[in-house]
Amino acid sequence: MAPKFSQVLSVTRQAPELIVPARPTPRELKQLSDIDDQESFRFHIPVIFLYKNKSSSSPPVLKEKDPVKVIKEAISEALVYYYPFAGRLIEGPNRKLMVDCNGEGILFLEAEANFKLEQLGGAIQSPCPYLEQLTYNVPGSEGILGCPLLLIQVTRLMCGGFTLAIRFNHTMCDASGLVQFVKTIEEMARGANTLSLFPVLATGTLMC
């Protein structure tokens with residue numbers, strides 16, 4: 001059952017910014033696999049992760065530090081391993097999609113909400129009039145070619161928790177690939193020096 005709101009809930013966002021890999025990454029072109037390079041996959045998918053304050057699901061470092069700062073740094077580190085996400089899609093002959101791994105970065109939004117996680121009922125269900133505020137689409141960023149491949153919004157909540165919203169280009173990965181990327185962000189936020197599972201980036205072909 002969707003939660004009922006008895007007050008005007010709002011989200012205030014800062015200006016969007018680009019997050020680039022923390023260290024230099026290969027500059028190359030990678031063709032998408034024939035499976036991913038389908039016309040029906042050329043769209044963006046939004047997902048939202050909810051994190052309670054001081055719960056076992058949150059990295060310990062987030063209990064004491066600003067989650068936005070920690071997550072931004074973790075994303076930058078994760079992009080070193082997932083550097084194609086920081087690139088831009090271009091079309092080759094016969095409209096073949098390729099990733100220009102140029103390191104331009106992913107789009108990031110910092111936001112502040114005037115409500116608590118429990119006011120969302122523990123889950124974001126339809127109809128939720130504030131869904132678009134937690135997954136804001138920056139104007140001009142929704143294209144397939146030449147646009148950021150990921151848009152991430154971290155929204156601080158009044159209870160100390162936060163939401164992590166990700167809009168991803170479906171040609172770049174599926175749900176399992178996105179979960180693997182989010183797990184990498186979490187590992188970097190916990191201070192890991194290496195990954196528990198590395199992405200598969202085949203030579204000349206992207207497989208995520």
Side-chain angles (χ1 to χ4, degrees), residues 1-22 44-80 82 85-86 104-143 147-169 175 178-179 181-192:
M1 181 177 180
K4 296 182 179 179
F5 301 110
S6 59
Q7 67 180 85
V8 177
L9 309 186
S10 64
V11 172
T12 303
R13 290 179 298 274
Q14 302 295 322
E17 59 182 300
L18 291 172
I19 297 181
V20 301
H44 297 272
I45 300 176
V47 295
I48 300 179
F49 299 88
L50 310 179
Y51 293 86
K52 296 180 180 179
N53 184 32
K54 297 184 178 180
S55 72
S56 59
S57 63
S58 297
V61 68
L62 296 182
K63 301 176 184 179
E64 302 175 357
K65 297 183 179 180
D66 177 16
V68 172
K69 182 177 184 298
V70 173
I71 293 173
K72 284 175 63 175
E73 293 176 353
I75 291 172
S76 184
E77 290 291 340
L79 287 175
V80 173
Y82 288 82
F85 278 151
E104 289 187 10
I106 64 104
L107 204 53
F108 183 86
L109 290 161
E110 173 183 349
E112 201 90 30
N114 72 338
F115 52 87
K116 301 177 181 179
L117 183 59
E118 51 264 32
Q119 290 177 266
L120 297 175
I124 297 178
Q125 304 175 16
S126 181
C128 176
Y130 305 99
L131 185 61
E132 292 185 0
Q133 295 193 54
L134 296 174
T135 57
Y136 179 68
N137 286 318
V138 175
S141 70
E142 299 178 78
C147 289
L149 300 173
L150 290 175
L151 182 152
I152 297 179
Q153 177 175 324
V154 178
T155 304
R156 301 184 192 88
L157 306 177
M158 291 182 65
C159 57
F162 62 93
T163 65
L164 173 66
I166 302 177
R167 189 197 72 193
F168 66 99
N169 188 313
L178 179 68
V179 169
F181 177 65
V182 172
K183 182 177 181 181
T184 298
I185 294 174
E186 292 177 346
E187 290 178 344
M188 296 297 101
R190 294 176 188 271

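Note that this is a predicted model, so its numbers are computed, not measured.
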Q | Passing option when Q153 is tested against I48, T163, V11, V138 for side-chain contact (heavy atoms from CB on, under 4.5 Å) | A | V11
**Q.** Value rounded to 0.5 Å, distance of NZ in K52 from CG in L157
**A.** 12.5 Å
**Q.** E142 side chain to C147 backbone, donor-acceptor under 3.5 Å
**A.** no
Q) Hey, what do you get for CD (E187) to CD1 (I185), rounding to the nearest 0.5 Å? A) 11.0 Å
Q) Which one of I106, I71, L107 satisfies the side-chain contact (heavy atoms from CB on, under 4.5 Å) criterion with I19? A) I106
Q: State, with a plain yes or no, whether a side-chain heavy atom of V68 is found less than 4.5 Å away from one of F108.
A: yes
Q.
Working to the nearest 0.5 angstrom, can you tell me the gap between L150 CG and F168 CZ?
A. 9.0 Å
Q: Kindly indicate whether the side chain of T155, heavy atoms from C-beta on, has any atom under 4.5 Å from the side chain of Q133.
A: no
Q) Minimum heavy-atom separation for T184 to A78, with atom names? A) CG2-CB, 3.7 Å
Q) For Y51 and V182, which heavy atoms make the closest approach, and how far apart are they? A) OH-CG1, 4.2 Å
**Q.** Atom pair OG (S141) and CG (L149), whose distance is rounded to the nearest 0.5 Å
**A.** 11.0 Å
Q) If every non-hydrogen atom of M158 is compared with every non-hydrogen atom of A113, which pair is closest and at what distance? A) CG-O, 3.6 Å
**Q.** Value rounded to 0.5 Å, distance of OG1 in T135 from CG in L151
**A.** 9.0 Å
Q. What heavy-atom pair brings G105 and L18 nearest, and what distance separates the two atoms?
A. O-CD2, 4.1 Å
**Q.** Lys/Arg-Asp/Glu bridge criterion (N-O < 4.0 Å) met for E73, K69
**A.** yes
Q: Would you indicate whether the side-chain heavy atoms of F181 and L79 approach each other to under 4.5 Å?
A: yes
Q) Of R156, R13, K72, which is the lone residue that meets side chain to side chain donor-acceptor pair (under 3.5 Å) with E110? A) R156
Q) Do the side chain of H44 and the main chain of G143 share a donor and acceptor less than 3.5 angstrom apart? A) yes
(Q) What's the separation between atom CG in N137 and atom CG in L109, rounded to the nearest 0.5 Å? (A) 9.5 Å
Q | Nearest non-hydrogen partners of V70 and A189, listed with the distance | A | CG1-CB, 3.8 Å
